[in-house]
Amino acid sequence: MELFDGVRWTTRTLIAGSCRPTVIGLENVPKSGPFIVAPNHLSFLDSVIVQALMPRPVAFFAKAEYFTTKGFKGRVMKSFFTAVGSIPVERGEQAASVQALKTLLDILEDGRGIGIYPEGTRSRDGILYRGRTGVGWLALTTGAPVIPVGLIGTEKLQPAGRNAVKPQHFTMKVGEPLYFDKTGPDHSLPARRQVTDKIMDAIAELSGQQRSTSYNQSKVIE
């Protein structure tokens, strides 16, 4: 926890000093117990931003190469993502797979927080895509509150075709917790879809994005 606090404080200070973000609604994050953070996804930096700015640890999936890259850069990346509780996932593996969801389930059952992008991967055109039902499965299985998050402007931090990060103002809106009945893993697909759609409605209200009834087809973990 001390390592997480130190890394989060350093990253948060860098973000605050360089981007001067507007952050609204942190009081909506439960002070104890499990919780599920469900943001929209516009930038590869979104997980870092959420992990740095949230008042409690949030475990996201991260590409396995962030943990295996060699050299000084690799050691820095591995130290950071390990410190903030990121979970390595092989490139091409879907975060909504059964095994991946079980990993998140273990964290929630331990009373901690996890982050999952209902869209599956980042939106490259700024549209909010239909939510995949993994987040609904987690909410119904555990009864953990879902914290919708709307990220606005994070796609400008690394414009298309650029490797360098360009500090820009962005906004993070944290919505009020959404509570759903705890049914355990035995629930219907329509129930899971209904919960997921409610979560996406809350995200859309926070982010103000145009919506699509289609899924984002990219399968790459970002």
Side-chain angles (χ1 to χ4, degrees), residues 4-31 35-63 66 73 76-77 79-81 83-86 95 113-129 131 135 146-178 199-212 216 218 220-222:
F4 166 81
D5 288 340
V7 171
R8 182 173 64 89
W9 182 88
T10 301
T11 308
R12 182 177 60 189
T13 300
L14 289 172
I15 292 173
S18 61
C19 299
R20 300 190 180 279
T22 298
V23 182
I24 302 168
L26 289 181
E27 68 277 4
N28 289 320
V29 179
K31 290 181 171 53
F35 63 102
I36 302 167
V37 175
N40 60 325
H41 198 7
L42 299 171
S43 168
F44 85 102
L45 288 172
D46 289 341
S47 298
V48 174
I49 288 168
V50 172
Q51 287 173 314
L53 299 182
M54 282 288 178
R56 292 178 59 194
V58 179
F60 276 95
F61 289 118
K63 289 186 289 188
Y66 291 161
K73 180 181 178 181
V76 171
M77 287 195 300
S79 296
F80 174 82
F81 286 105
V84 297
S86 295
I114 62 100
I116 182 171
Y117 297 109
E119 294 172 275
T121 188
R122 62 173 160 156
S123 170
R124 297 178 182 274
D125 54 15
I127 292 173
L128 184 67
Y129 286 88
V135 66
V146 178
I147 314 299
V149 172
L151 296 167
I152 303 170
T154 59
E155 74 280 4
K156 298 176 183 177
L157 295 171
Q158 188 182 34
R162 289 195 174 197
N163 291 324
V165 175
K166 182 180 180 181
Q168 294 282 327
H169 177 269
F170 66 86
T171 299
M172 185 176 87
K173 296 181 179 179
V174 182
E176 295 183 0
L178 303 174
I199 294 169
M200 296 307 297
D201 289 343
I203 294 172
E205 186 174 347
L206 293 165
S207 70
Q209 290 169 277
Q210 178 184 341
R211 299 182 68 176
S212 172
N216 190 340
S218 175
V220 178
I221 299 294
E222 298 183 291

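Only this structure's heavy atoms are used, side chains among them; waters, hydrogens and symmetry mates stay out.
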Inset, instruction - Would you mind reporting whether D201 and R211 have side-chain heavy atoms less than 4.5 Å apart? - result: yes

Legend entry - Flag side-chain contact, heavy atom, 4.5 Å: K156 against F170: no

Inset, instruction - Decide ring-ring contact (aromatic ring centres under 6.0 Å, His included) for F60 and Y117; before the verdict, give the C-alpha distance in whole Å, the side-chain angles of both, and the deciding distance to 0.1 Å. - result: CA-CA 9 Å; F60 276 95; Y117 297 109; 5.2 Å; yes

Inset, instruction - Evaluate the side-chain proximity of V135 to I36: yes if any heavy-atom separation is below 4.5 Å, no if none is. - result: yes

Inset, instruction - Look up atom OG in S43 and atom CD in E155, then write down how far apart they are to the nearest 0.5 Å. - result: 8.0 Å

Legend entry - Spatial distance of atom CD (Q158) from atom CZ (F44) [nearest 0.5 Å]: 4.0 Å

Legend entry - Atom CD of Q210 with >12 non-hydrogen neighbours under 6.0 angstrom: no

Inset, instruction - Determine whether the side chains of Q209 and S123 contain a donor N or O and an acceptor N or O closer than 3.5 Å. - result: no

Legend entry - CZ on R20 to CD1 on I15, rounded to 0.5 Å: 14.0 Å

Inset, instruction - Report yes if the side chains of M172 and T22 come closer than 4.5 Å at any heavy-atom pair, otherwise no. - result: no

Legend entry - Side-chain donor or acceptor of Q168 paired with backbone N/O of L157 under 3.5 Å: no

Inset, instruction - For the residue pair N216 and H41, establish whether any side-chain heavy-atom pair is separated by less than 4.5 Å. - result: no

Inset, instruction - Ignoring hydrogens and angles, tell me if any N or O in the side chain of N40 forms a donor-acceptor pair with the backbone of L151 under 3.5 Å. - result: yes

Legend entry - Reported NE2-to-CD1 distance for the pair H169 and I152, which is rounded to 0.5 angstrom: 9.5 Å

Legend entry - Heavy-atom pair with the smallest gap, counting every atom of P118 and A38: CG-CB, 4.0 Å

Legend entry - Closest approach of P167 to S18 (non-hydrogen atoms, all atoms of both residues): CB-O, 3.4 Å

Inset, instruction - Report yes if the side chains of V58 and I114 come closer than 4.5 Å at any heavy-atom pair, otherwise no. - result: no

Legend entry - Spacing of D125 atom CG and L128 atom CG [to the nearest 0.5 Å]: 10.5 Å

Inset, instruction - Flag the pair L206 / V149 as yes when at least one side-chain heavy-atom distance between them is below 4.5 Å, and no otherwise. - result: no

Legend entry - I147 side, atom CD1; L178 side, atom CG - distance, nearest 0.5 Å: 7.5 Å

Legend entry - Minimum side-chain heavy-atom gap F35-P177 below 4.5 Å: no

Inset, instruction - Taking R56 for its side chain and P30 for its backbone only, find out whether a donor-acceptor pair lies under 3.5 Å. - result: yes

Inset, instruction - For A16 and P21, work out which heavy atoms get closest and say how close. - result: CA-CD, 3.8 Å

